Amino acid sequence: MKCRFFLTAGVILWCACRAWAVGNPSDGLSDLMKTFKENPSDAKVTVALLKELNKQGKSGQEVVDRYFQTQPEEEYYKEYNWEIVRDYVTDINAPQFKFLFKNQDRFIELYSKDDVYQKLDDVFVAHLEKFYDRNRADYEAQLKRIEEIGYAHFDVVSDYFYIRQLKAEKKAEDYFYKARKLFRYFPENRPMIKEITKGALEIMTDVSRLKVIQLWAGKTVESKTDFEAIYNYVEISQKCGFFDVAKRYASIAKNLASKSGDAAMQRKAEELMKMIN
């Protein structure tokens, strides 16, 4: 009996330790970092490490830099290297981004114009976003610099910010056409789609056009966790006559607000319930 007790206790202790190790993300990161340092030219290990860093909200640029030190420039065009640049390079000053920009025509030949421009657009926009609200003069200077280097998608990058001015000026028609353009070039940019949806609710009344916005707004509520996105989605769905959709997401918003314990959120959720009744 005593031996059985110690055996059982030992199994429980081993399971607990194993569960802690599996549940501790820093262990996985440490192991990946060690493997990467031993062989920084391994693309699969590099991607696994970058994914883990990204999951933990940490920059992977140093890893990218070290990896590309092992790659001759003619290998930059390989698909696995393009995917690393596409998915993990976010700094406008990164050597890999500069190489992509300088050789964009070659990348377009190998992959696609939309994919290459989407990557370039994303990095330029992220760079400008740092200046837009903080220092408008610096923003204008950086925007001018992008124009002067002859970027073919300069108008797309510029319109990403210009649409905010159109909203402030309540120019609904121009706003709609810019929105459609931005949806095409930034199809996965959920914060942008959410912002455009909110702006459309403020200045647009044409239901046929609101339906286009509503279609894209669906991307912002896929996770069912963003209360503000859901609020906008209920409101625009109701305006478009999609009452069943509005009712379903109003219930989701109510549940989120209830779980949050946030009084302001709960009041807004009640507003939605009244809206759909």
Side-chain angles (χ1 to χ4, degrees), residues 50 54 59-61 64 68 73 76-169 171-200 209 212-213 215-217 219-220:
L50 289 168
N54 188 57
S59 171
Q61 187 59 50
V64 171
F68 274 102
E73 284 195 346
Y76 282 22
Y77 299 108
K78 296 289 187 183
E79 186 172 2
Y80 52 84
N81 283 333
W82 155 242
E83 288 175 358
I84 290 174
V85 173
R86 182 194 66 197
D87 296 340
Y88 298 104
V89 174
T90 58
D91 184 356
I92 195 173
N93 294 311
Q96 301 78 33
F97 180 78
K98 291 179 178 179
F99 183 87
L100 171 62
F101 182 81
K102 181 179 179 182
N103 300 282
Q104 57 189 273
D105 290 344
R106 177 64 176 143
F107 280 96
I108 287 170
E109 287 176 11
L110 292 169
Y111 304 106
S112 80
K113 183 180 290 187
D114 281 351
D115 283 353
V116 172
Y117 280 144
Q118 187 174 329
K119 177 59 189 180
L120 294 169
D121 292 344
D122 284 343
V123 174
F124 281 129
V125 161
H127 176 71
L128 289 168
E129 196 81 73
K130 299 173 186 175
F131 301 97
Y132 187 80
D133 289 322
R134 190 178 66 196
N135 189 315
R136 197 56 62 88
D138 284 348
Y139 159 76
E140 295 289 351
Q142 293 293 324
L143 184 65
K144 187 172 181 57
R145 179 184 165 206
I146 295 170
E147 182 180 23
E148 288 174 345
I149 60 177
Y151 180 44
H153 259 210
F154 171 76
D155 62 312
V156 176
V157 173
S158 177
D159 283 345
Y160 185 94
F161 299 93
Y162 178 56
I163 195 172
R164 301 175 188 180
Q165 182 180 328
L166 293 174
K167 186 191 84 168
E169 296 172 353
K171 294 182 177 178
E173 185 171 357
D174 290 342
Y175 185 91
F176 173 70
Y177 287 115
K178 293 298 183 188
R180 285 203 313 180
K181 177 180 180 179
L182 294 174
F183 290 155
R184 182 192 169 202
Y185 290 115
F186 299 93
E188 300 304 323
N189 190 323
R190 283 157 177 76
M192 180 206 73
I193 297 170
K194 176 181 168 181
E195 183 181 346
I196 287 175
T197 302
K198 186 177 180 181
R209 290 178 174 178
V212 175
I213 306 292
L215 183 64
W216 282 91
K219 279 181 170 280
T220 69

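Every value quoted in this text rests on a predicted model; they were computed, and no experiment measured them. The chain is numbered in sequence order, starting from 1. Computation of the quantities below employed the complete heavy-atom set of this structure, encompassing side-chain atoms and omitting hydrogens, waters and symmetry-equivalent molecules.
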Atom pair [atom1]/[atom2] of [X] and [Y] - distance to nearest 0.5 Å:
X    : Y    : atom1 : atom2 : answer
R136 : L143 : CZ    : CG    : 11.0 Å
K113 : Q104 : NZ    : CD    : 10.5 Å
F68  : E73  : CZ    : CD    : 11.0 Å
H127 : N93  : NE2   : CG    : 7.0 Å
R190 : M192 : CZ    : CE    : 10.5 Å
Y76  : N103 : OH    : CG    : 10.5 Å

Could you check whether any side-chain heavy atom of [X] comes within less than 4.5 Å of a side-chain heavy atom of [Y], counting everything from C-beta outward?
X    : Y    : answer
K178 : Y175 : no
Y139 : D133 : no
F176 : E173 : no

Query - Verdict with reasoning, Q142 to Y132, per side chain to side chain contact (heavy atoms under 4.5 Å, CB included) - result: CA-CA 10 Å; Q142 293 293 324; Y132 187 80; over 6 Å; no
Do any N or O atoms from the side chain of [X] and from the backbone of [Y] form a donor-acceptor pair under 3.5 angstrom?
X    : Y    : answer
K167 : K198 : no
E140 : A137 : no
N135 : D138 : yes

Report task. For the pair L128 and Y160, evaluate side chain to side chain contact (heavy atoms under 4.5 Å, CB included) and give the outcome as yes or no after the intermediate values. Result -> CA-CA 10 Å; L128 289 168; Y160 185 94; over 6 Å; no
Query raised in the report: Is R86 close enough and on-axis enough to Y88, meaning under 6.0 Å and within 45°, for cation-pi?
Result: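 Output no; distance or angle outside limits.
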Requested in this report: Can you sort out the partners of K171 under side-chain contact (heavy atoms from CB on, under 4.5 Å), two or more places apart, ordered by chain and number?
Outcome: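 Partners of K171 under the side-chain contact (heavy atoms from CB on, under 4.5 Å) test: L166, E169, D174.
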Non-hydrogen atoms of [X] and [Y] that approach each other most closely:
X    : Y    : result
V123 : T90  : CG1-O, 3.7 Å
T197 : A217 : OG1-CB, 3.5 Å
I193 : P187 : CD1-O, 3.8 Å
H153 : Y185 : CE1-CE2, 3.3 Å
K194 : T220 : N-CG2, 3.7 Å
I196 : A179 : CG2-CB, 3.7 Å

Query raised in the report: Stepwise, does the side chain to side chain contact (heavy atoms under 4.5 Å, CB included) test hold for L215 with F183?
Result: CA-CA 11 Å; L215 183 64; F183 290 155; over 6 Å; no
Requested in this report: Indicate whether the side chain of Y151 and that of D121 have a donor and an acceptor atom separated by less than 3.5 Å.
Outcome: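 Yes, side-chain donor-acceptor contact under 3.5 Å.
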Query raised in the report: What is the ring orientation for F99 with F107, classed by angle as parallel under 30°, tilted 30 to 60°, or perpendicular over 60°?
Result: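 F99 vs F107 ring planes: perpendicular.
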Query raised in the report: Would you call K181-D159 a salt bridge at under 4.0 Å N-O?
Result: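 Looking at D159 together with K181, the answer is yes, because their closest N to O distance falls below 4.0 Å.
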Query raised in the report: Is the centre of the Y117 ring less than 6.0 Å from the centre of the F124 ring?
Result: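 For Y117 and F124, the ring centres are not under 6.0 Å apart.
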Requested in this report: Assess whether salt bridge (charged side-chain N to carboxylate O under 4.0 Å, His left out) is satisfied between R145 and E148, documenting all intermediate values.
Outcome: CA-CA 5 Å; R145 179 184 165 206; E148 288 174 345; over 6 Å; no
Requested in this report: Could you give me the CA-CA distance, side-chain angles and deciding distance for Y111 and E79, then say whether side chain to side chain contact (heavy atoms under 4.5 Å, CB included) is met?
Outcome: CA-CA 9 Å; Y111 304 106; E79 186 172 2; 3.7 Å; yes
